[in-house]
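To keep things clear, I will list the structure first and then write my remarks on it.
Residue numbers count from 1 along this sequence.
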Amino acid sequence: MIMIGVTLRVDDWSERVERRDAIDQRWIKLLVACGCMPVLLPNHLPTVKMILSQLTIRGFLITGGNDLSKYGGDSPEREESERWLLRYACSSGKPLLGVCRGMQLIQDYWKVPLERIEGHVAARHIVHSGDGSASRNSYHRFGARTTVDELEVTARSQDGVIEAVAHREFPIRGIMWHPEREYPFDTTDISMIQQFFEGENAYETW
């Protein structure tokens with residue numbers, strides 16, 4: 001199995017005076033189904049750097065949850081670690097997949113403006129790509145309808161919101177749907193994740 005570094009959301013439990021790093025257990029099950037060994041990366045940049053210095057990490061998954069700081073989010077420690085990972089992925093050539101918030105982070109990093117959108121929370125809609133159309137889940141309040149030269153749009157929803165992007169130079173991809181929230185897991189998502197982290201570039205249209 002290949003080791004994949006996985007970022008975690010921040011849950012603020014005020015009643016217990018705790019800030020917790022957390023992940024949906026379905027992500028673990030999905031990644032194992034994809035032949036990946038998830039390595040959970042805490043929202044503490046010195047520890048992330050230490051982990052990467054000790055383990056052979058093949059690539060990175062930036063998961064969903066928590067809005068970006070400039071759009072009202074309150075997890076600066078997460079943003080610090082994930083932005084560093086994004087820079088590290090660019091410099092090292094390691095593949096990085098951003099899901100929902102992860103894709104928004106990729107877009108924001110390359111200065112794509114996000115906007116509040118309607119009808120994309122706890123919904124399903126048809127997503128169109130060069131590979132055809134598919135029904136996808138949706139759990140996000142922010143999105144974009146425009147892009148920049150560095151990021152190719154590879155999928156859009158029916159209302160024009162960008163649903164997937166691919167960097168034109170680096171092995172960096174983003175999707176807005178949550179493959180871990182499908183039951184059973186979608187076989188096309190499993191194939192996409194497998195082939196992306198194995199470096200086969202078979203899903204250039206997603």
Side-chain angles (χ1 to χ4, degrees), residues 1-12 19-69 73 75-110 139-140 150-151 164-167 169-182 185-186 189-203 206:
M1 302 181 88
I2 58 175
M3 286 192 286
I4 303 298
V6 181
T7 68
L8 309 174
R9 69 182 298 152
V10 175
D11 284 340
D12 193 347
R19 283 177 71 79
R20 296 184 175 187
D21 290 344
I23 189 169
D24 187 335
Q25 293 179 357
R26 290 173 291 185
W27 263 123
I28 308 303
K29 296 175 182 177
L30 174 59
L31 288 170
V32 170
C34 293
C36 299
M37 180 185 297
V39 177
L40 304 184
L41 301 176
N43 292 302
H44 183 250
L45 184 53
T47 303
V48 170
K49 292 179 179 180
M50 181 178 64
I51 291 171
L52 297 187
S53 72
Q54 298 296 316
L55 299 178
T56 303
I57 304 294
R58 176 69 181 89
F60 304 102
L61 170 68
I62 297 182
T63 60
N66 304 124
D67 291 330
L68 300 179
S69 295
S75 56
E77 69 273 42
R78 178 178 185 182
E79 203 150 328
E80 179 187 32
S81 295
E82 290 181 338
R83 288 186 182 277
W84 184 89
L85 281 172
L86 188 50
R87 293 192 296 270
Y88 178 80
C90 292
S91 63
S92 66
K94 293 181 182 291
L96 182 146
L97 174 63
V99 173
C100 198
R101 170 213 162 86
M103 176 167 139
Q104 293 173 355
L105 181 78
I106 292 168
Q107 291 173 303
D108 184 70
Y109 185 83
W110 274 282
Y139 294 92
H140 55 99
E150 293 91 339
L151 298 178
V165 295
H167 196 280
E169 178 182 357
F170 305 119
I172 292 174
R173 303 286 188 272
I175 58 175
M176 287 305 296
W177 62 91
H178 285 253
E180 82 282 10
R181 294 183 181 179
E182 295 292 348
F185 297 135
D186 191 307
D189 286 331
I190 290 176
S191 295
M192 175 267 290
I193 292 170
Q194 288 175 328
Q195 294 171 17
F196 178 64
F197 285 117
E198 289 171 359
E200 297 181 12
N201 296 323
Y203 267 71
W206 53 271

Drop me the distance from [X]'s [atom1] to [Y]'s [atom2], to the nearest 0.5 angstrom.
| X | Y | atom1 | atom2 | result |
| --- | --- | --- | --- | --- |
| T7 | D21 | OG1 | CG | 9.5 Å |
| E180 | F185 | CD | CZ | 8.0 Å |
| R9 | T63 | CZ | OG1 | 8.0 Å |
| E79 | R83 | CD | CZ | 4.5 Å |
| L41 | I57 | CG | CD1 | 6.5 Å |
| L31 | C36 | CG | SG | 5.5 Å |

| For the side-chain contact (heavy atoms from CB on, under 4.5 Å) test, which of L61, I4, I106 pairs with L96? | I106
Under 4.5 Å between any side-chain heavy atoms of [X] and [Y], yes or no?
| X | Y | result |
| --- | --- | --- |
| I2 | F197 | yes |
| I172 | L86 | yes |
| S75 | N43 | no |
| F196 | L97 | yes |
| F170 | E150 | no |

| query | Would you find a donor on one side and an acceptor on the other, under 3.5 Å apart, between the side chain of S91 and the backbone of Y88? | reply | yes
| Is R181 positioned over the aromatic face of Y139, cation under 6.0 angstrom from the ring centre and no more than 45 degrees off axis? | yes
Write down the atom of [X], the atom of [Y], and the distance for their closest heavy-atom approach.
| X | Y | answer |
| --- | --- | --- |
| M176 | C100 | SD-O, 3.7 Å |
| G64 | H178 | CA-CE1, 4.3 Å |
| L8 | P42 | CD1-CA, 4.2 Å |
| I190 | A33 | CG2-O, 4.2 Å |
| P76 | S69 | CA-OG, 4.4 Å |

| Run the salt bridge (charged side-chain N to carboxylate O under 4.0 Å, His left out) check on R26 and E182 step by step: do they pass? | CA-CA 9 Å; R26 290 173 291 185; E182 295 292 348; over 6 Å; no
| field | Verdict with supporting geometry, R20 and D11, salt bridge (charged side-chain N to carboxylate O under 4.0 Å, His left out) | value | CA-CA 5 Å; R20 296 184 175 187; D11 284 340; over 6 Å; no
| request: Apply side-chain contact (heavy atoms from CB on, under 4.5 Å) to R173 and M103, showing your working. | output: CA-CA 8 Å; R173 303 286 188 272; M103 176 167 139; over 6 Å; no
| Side-chain ion pair, E198 and R58, N-O less than 4.0 Å | no
| field | Side-chain H-bond candidate by donor/acceptor type, E169 with H167, under 3.5 Å | value | no
| query | How far apart are the C-alpha atoms of I62 and V99, what are their side-chain angles, what is the distance that settles it, and do they pass the side-chain contact (heavy atoms from CB on, under 4.5 Å) test? | reply | CA-CA 6 Å; I62 297 182; V99 173; over 6 Å; no
| request: Apply the test salt bridge (charged side-chain N to carboxylate O under 4.0 Å, His left out) to residues R101 and E82: give CA-CA distance (whole Å), side-chain angles for both, the deciding distance (0.1 Å), then the verdict. | output: CA-CA 11 Å; R101 170 213 162 86; E82 290 181 338; 2.9 Å; yes
